[in-house]
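Atoms considered below: every heavy atom in the structure, side chains included; atoms not considered: hydrogens, waters and symmetry mates. Both ligands and their constituent atoms are indexed starting at 1 by order of listing.
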Amino acid sequence: MNTKDTPGDCCSMDTSKNSHWNKAYTDKETEKLGWYEKEAKPTLDLIKDCNLPKDTRILNVGVGTTTLIDDLISEGYSNLIATDLSEKALEILKERCGTENVSYIQDDLTNSTTLNTISQVDLWNDRAVLHFFLKEEEKQAYFDLLKKVVKIDGFVIIATFNLNGALKCCGLDLCRYDKAMIAERLGEDFELVKDFDHTFINPAGSPREYVYTLFQRKK
Ligand SMILES: C[S@@+](CC[C@H](N)C(=O)[O-])C[C@H]1O[C@@H](n2cnc3c(N)ncnc32)[C@H](O)[C@@H]1O
């Protein structure tokens, strides 16, 4: 745990969601998880498109145990924040990636107690997290937090199941998006820089349809 960022207050966590995700990371090894990417290439390419310096502050939300963090460290990025609801996921990631270049924060993106107090970041990165938020108040809380935390001129990468995407993941219902729906949520302060659809083949060999979006904050 980085001393700059204190841990979230566990008492305010939604314990059923928390247990659900802890169980997912306890029951299966990282490589067997339905969302496991051997290489997080689409995200890595978008991060490179941002042309940010290597000490840029990158907030990886709902980070899980993604190999993206290993890749970013290999590329020389040194100021990474890994946050998730699941302390089990963060424990596995921390064991693998260490604390030199990464700080770890357990928090709920829909009911934040810590992320809403951190210094602003240059890049918000989400793959496969937003689509789990079904209630209007959860979506609102997610985007309110994003707008609080991302600097002016900063970037936002959101990759979610697209309108042809699966209806469930990890046993949970999903809300699917296209780029216009994400743009509408972000509002006019954020400009769409790049987007593409991407078919992810999961470890079971099944295709999963994603939309990747990169926005820049203008005001
Ligand atoms: C499908 S996994 C994706 C993990 C990672 N982004 C990746 O691409 O491998 C979704 C992640 O979102 C996290 N998550 C779910 N609800 C959350 C919430 N309310 N706040 C923070 N993280 C959450 C889960 O614990 C899980 O790690």
Side-chain angles (χ1 to χ4, degrees), residues 7-10 12-44 46-47 58-72 80-94 96-97 102 104-116 118 123-135 137-146 149 156-161 165-176 198 200-204 206 208-212:
D9 173 3
C10 296
S12 67
M13 293 275 173
D14 177 333
T15 47
S16 62
K17 282 194 293 179
N18 185 246
S19 324
H20 176 88
W21 287 106
N22 276 337
K23 186 168 171 1
Y25 287 104
T26 305
D27 286 355
K28 284 190 183 165
E29 290 162 21
T30 288
E31 296 75 14
K32 305 228 168 80
L33 293 166
W35 50 92
Y36 169 72
E37 291 177 294
K38 197 169 175 196
E39 265 196 315
K41 191 170 170 354
T43 303
L44 200 54
L46 286 177
I47 293 176
I58 302 179
L59 178 64
N60 297 277
V61 303
V63 68
T65 55
T66 177
T67 55
L68 175 70
I69 301 302
D70 309 62
D71 292 342
L72 288 172
L80 308 174
I81 307 166
T83 182
D84 204 283
L85 182 63
S86 163
E87 66 271 25
K88 180 67 191 169
L90 293 180
E91 204 181 288
I92 295 167
L93 190 67
K94 189 174 182 179
R96 214 178 65 219
C97 295
V102 191
Y104 299 83
I105 300 175
Q106 184 198 18
D107 202 3
D108 183 342
L109 292 165
T110 65
N111 185 19
S112 173
T113 56
T114 303
L115 292 172
N116 59 357
I118 65 171
L123 171 58
W124 171 287
N125 175 44
D126 169 345
R127 170 183 179 261
V129 187
L130 170 64
H131 55 212
F132 289 106
F133 306 140
L134 304 180
K135 295 183 193 149
E137 61 263 31
E138 291 175 329
K139 296 176 189 173
Q140 187 71 45
Y142 172 96
F143 283 100
D144 285 350
L145 179 65
L146 181 158
V149 162
V156 175
I157 293 172
I158 296 179
T160 76
F161 280 148
L167 294 170
K168 278 191 180 257
C169 175
C170 199
L172 301 174
D173 290 330
L174 304 171
C175 175
R176 300 173 301 172
H198 172 72
F200 164 66
I201 306 296
N202 75 11
S206 307
R208 293 286 179 264
E209 302 296 334
Y210 278 80
V211 57
Y212 277 75

A.B. asks: How about Arg96 and Thr30: do any of their side-chain heavy atoms sit closer than 4.5 Å?
C.D. replies: yes

A.B. asks: Looking at residues at least two apart in the chain, or sitting in another chain, which of them share a salt bridge (Lys or Arg N to Asp or Glu O under 4.0 Å) with Lys139?
C.D. replies: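 With neighbours one apart ignored, the set is empty.
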
A.B. asks: How would you list, by chain and number, the residues with a heavy atom under 4.0 angstrom from ligand 1?
C.D. replies: Lys17, Trp21, Tyr25, Trp35, Gly62, Val63, Gly64, Thr66, Asp84, Leu85, Ser86, Asp107, Asp108, Leu109, Arg127, Ala128, Val129, Phe132, Phe133

A.B. asks: Is it the case that the side chain of Asp84 and the backbone of Leu90 share a donor-acceptor pair, with hydrogens and angles ignored and the cut-off at 3.5 Å?
C.D. replies: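 Answer holds: no.
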
A.B. asks: State which residues pass salt bridge (Lys or Arg N to Asp or Glu O under 4.0 Å) with Glu29; sequence neighbours excluded, sorted by chain then number.
C.D. replies: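 Only Lys32 meet the salt bridge (Lys or Arg N to Asp or Glu O under 4.0 Å) criterion with Glu29.
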
A.B. asks: In chain order, what residues pass the ring-ring contact (aromatic ring centres under 6.0 Å, His included) check against His198, with sequence neighbours excluded?
C.D. replies: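 His198 satisfies ring-ring contact (aromatic ring centres under 6.0 Å, His included) with Tyr212 only.
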
A.B. asks: Please tell me whether Trp35 and Tyr210 form a close aromatic pair, meaning their ring centres lie under 6.0 Å apart.
C.D. replies: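 Ring centroids of Trp35 and Tyr210 are no less than 6.0 Å from each other.
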
